[in-house]
Amino acid sequence: MRIDIITIFPELFKPFLQFGIIKKACEKNAVDIQTFDLRNYATDKHQMVDDYPYGGGPGMVLKPEPIWRALDELPHPRRVVFLTPQGQTFDQEKAWELSQEKNLALICGRYEGIDERVREKLVDEEISIGDYVLNGGEVPAMVIMEAVIRLLPDVLGDEDSVVGDSFYQGLLDHPHYTRPEEFKGQRVPQVLLSGDHKKIANWRKKERLRQTLLKRPDLLKKANLDSE
Ligand code: SAM
C-alpha cells in the first residue's frame with residue numbers, strides 16, 4: 001500500500017515513521033509513505049500556501065493551486081481523503097476499508113481549512129477523528145495511518161495480532177495480565193495460571209462480553225454473536 005500525505009509540516013511525520021510497527025512496516029515494504037510539502041507546490045516566489053478568506057473574517061485558508069499541483073503528482077487510482085472535523089467519524093470499520101486501498105492520499109488542513117473548490121473537485125471523502133477541533137490534519141493523518149497500517153498483511157506478528165483486539169467481531173478486548181502473579185495484593189485470575197487452554201479461552205470470551213456490556217453496551221446490539 002502507498003500512503004501520500006499532503007501537509008505544510010512534513011517534518012512532523014519524521015519521528016512518527018522512525019519507530020515501532022510503522023518503521024517495521026516501511027522496512028518490510030508493506031507500506032510506502034511519502035510526504036509532500038505543500039510549499040514546494042506554491043505558484044508564487046514567496047511560496048505562499050495560504051491567503052485571506054474572501055468575505056473577510058479571522059484566519060487564513062489553504063490555497064487551491066498548491067494542493068491541486070501536489071495531487072497531480074500522486075499515482076492513480078487513488079482515494080483522496082481530506083481530514084476535517086466535518087467528516088465522517090473514523091472507526092475500525094473505516095480502517096479496514098482504507099487498508100484495502102492501493103493508493104491513499106491524505107490532505108492535512110491548517111488554519112481555517114482548505115479552499116472549498118479543492119474539496120468539491122478533488123476530495124473523495126472527508127474523515128474526522130472525533131468531534132473536537134485540532135490545529136491541523138497531521139495528527140489525524142497519523143491516527144488513521146496507525147490504525148490502517150497495523151491491519152496490512154504481514155505487519156503484525158502473532159504476538160500482537162489484530163484478532164481479539166477491541167472492535168474485532170464487534171466486542172471489546174478481554175483484560176490482560178503479566179508478571180508478577182501478585183501485585184500490591186492483587187492476584188492474577190487463577191484460570192490464567194491453570195494451563196487449561198479451553199478454560200482460558202472461555203474466560204476470555206466471557207470477559208470480552210462483560211467488558212463490552214460494562215463499557216460499551218451500544219456495541220453489543222450490533223455484535224455478531226453466536227448462540228453460545
Ligand atoms: N474551521 C474548520 C472547521 O471548523 O471545520 C476547522 C479548521 S482546523 C483549526 C484546521 C485543520 O485541522 C482542518 O482543516 C483539518 O484538516 C484539521 N482538523 C481539525 N480537527 C480535526 C478533526 N477532528 N478530525 C480531522 N481533522 C481535523
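In each ligand, atom 1 is the first atom listed, and ligand 1 is the first ligand listed.
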| task | Decide whether I67 and L12 are clustered together by the hydrophobic rule: side chain heavy atoms of Ile, Leu, Val, Met, Phe, Trp, Tyr closer than 4.5 Å, transitively. | result | yes
| said: Considering non-hydrogen atoms of the protein only, which is the closest contact for atom 23 (N) of ligand 1, and what is the distance? | reply: Y132 O, 2.8 Å
| message | For the residue pair E27 / N29, report whether a side-chain donor-acceptor contact shorter than 3.5 Å exists. | response | no
| Results of side-chain hydrogen bond (donor to acceptor under 3.5 Å, both in side chains) for E182 - residues two or more places apart only | R187
| query | Of the backbone atoms (N, CA, C, O) and the side-chain heavy atoms from C-beta on, which set of I127 has a member under 4.0 Å from an atom of ligand 1: side chain, backbone, both, or neither? | reply | backbone
| Any donor-acceptor N or O pair under 3.5 Å, side chains R79, Q100 | no
| message | Heavy-atom pairs closer than 4.0 Å: do any link ligand 1 to the side chain of N135, the backbone, both, or neither? | response | backbone
| message | Give me the residue, atom name and distance of the protein heavy atom closest to atom 15 (C) of ligand 1. | response | L83 O, 3.0 Å
| query | Are any of the N/O atoms in V133 less than 3.5 Å from those in ligand 1? | reply | no
| request: Give the contacting part of P85 toward ligand 1: side chain, backbone, both or neither, where contact means a heavy-atom distance below 4.0 Å. | output: both
| query | Got the closest protein heavy atom to atom 25 (C) of ligand 1, with its distance? | reply | T84 N, 3.4 Å
| Shortest protein contact, atom 7 (C) of ligand 1 (heavy atom only) | Y111 O, 3.3 Å
| query | For ligand 1, which atoms, with element, lie under 4.0 Å from some heavy atom of G113? | reply | 14 (O)
| field | Side chains of Y168 and Q92, donor plus acceptor under 3.5 Å | value | no
| query | Which of the numbered atoms in ligand 1 are below 4.0 angstrom from a heavy atom of G136? | reply | 11 (C), 12 (O), 17 (C), 18 (N)
| Does an N or O anywhere in L134 fall below 3.5 Å from an N or O of ligand 1? | yes
| task | Give yes or no for whether the N/O distance cutoff of 3.5 Å, strictly under, is met between G109 and ligand 1. | result | yes
| request: Check ligand 1 against G137 and write out every atom of the ligand that is under 4.0 Å from a heavy-atom position of the residue. | output: 12 (O), 16 (O), 17 (C)
| said: Any non-hydrogen side-chain atom of I33 less than 4.5 Å from a side-chain atom of I149? | reply: yes
| said: Are more than 12 heavy atoms, taken from residues, nucleotides or ligands other than D154, located less than 6.0 Å from that residue's CG atom? | reply: no
| message | For F13 and F16, take the angle between the two ring planes, folded into 0 to 90°, and tell me which bin it lands in: parallel under 30, tilted 30 to 60, perpendicular over 60. | response | perpendicular
| Does F82 come within less than 4.0 Å of ligand 1, judged by its heavy atoms? | yes
| message | Could you tell me if T84 and E126 have a donor-acceptor pair between their side chains, going purely by distance under 3.5 Å? | response | no
| note | Quick note on ligand 1: atoms under 4.0 Å from a heavy atom of Q86 include exactly 3 (C), 5 (O)
| Does D44 offer a backbone N or O that forms a donor-acceptor pair with the side chain of H46 under 3.5 Å? | no
| field | For I22 against M145, the heavy-atom pair lying closest together | value | CD1-O, 4.4 Å
| Who's the nearest protein heavy-atom neighbour of atom 24 (N) of ligand 1, and how far? | I129 N, 3.1 Å
| said: I'd like to know if D131 contacts ligand 1, where contact means a heavy-atom distance under 4.0 Å to any ligand atom. | reply: no
| Is it the side chain (CB and beyond), the backbone, both or neither of E112 that lies under 4.0 Å from ligand 1, heavy atoms counted? | both
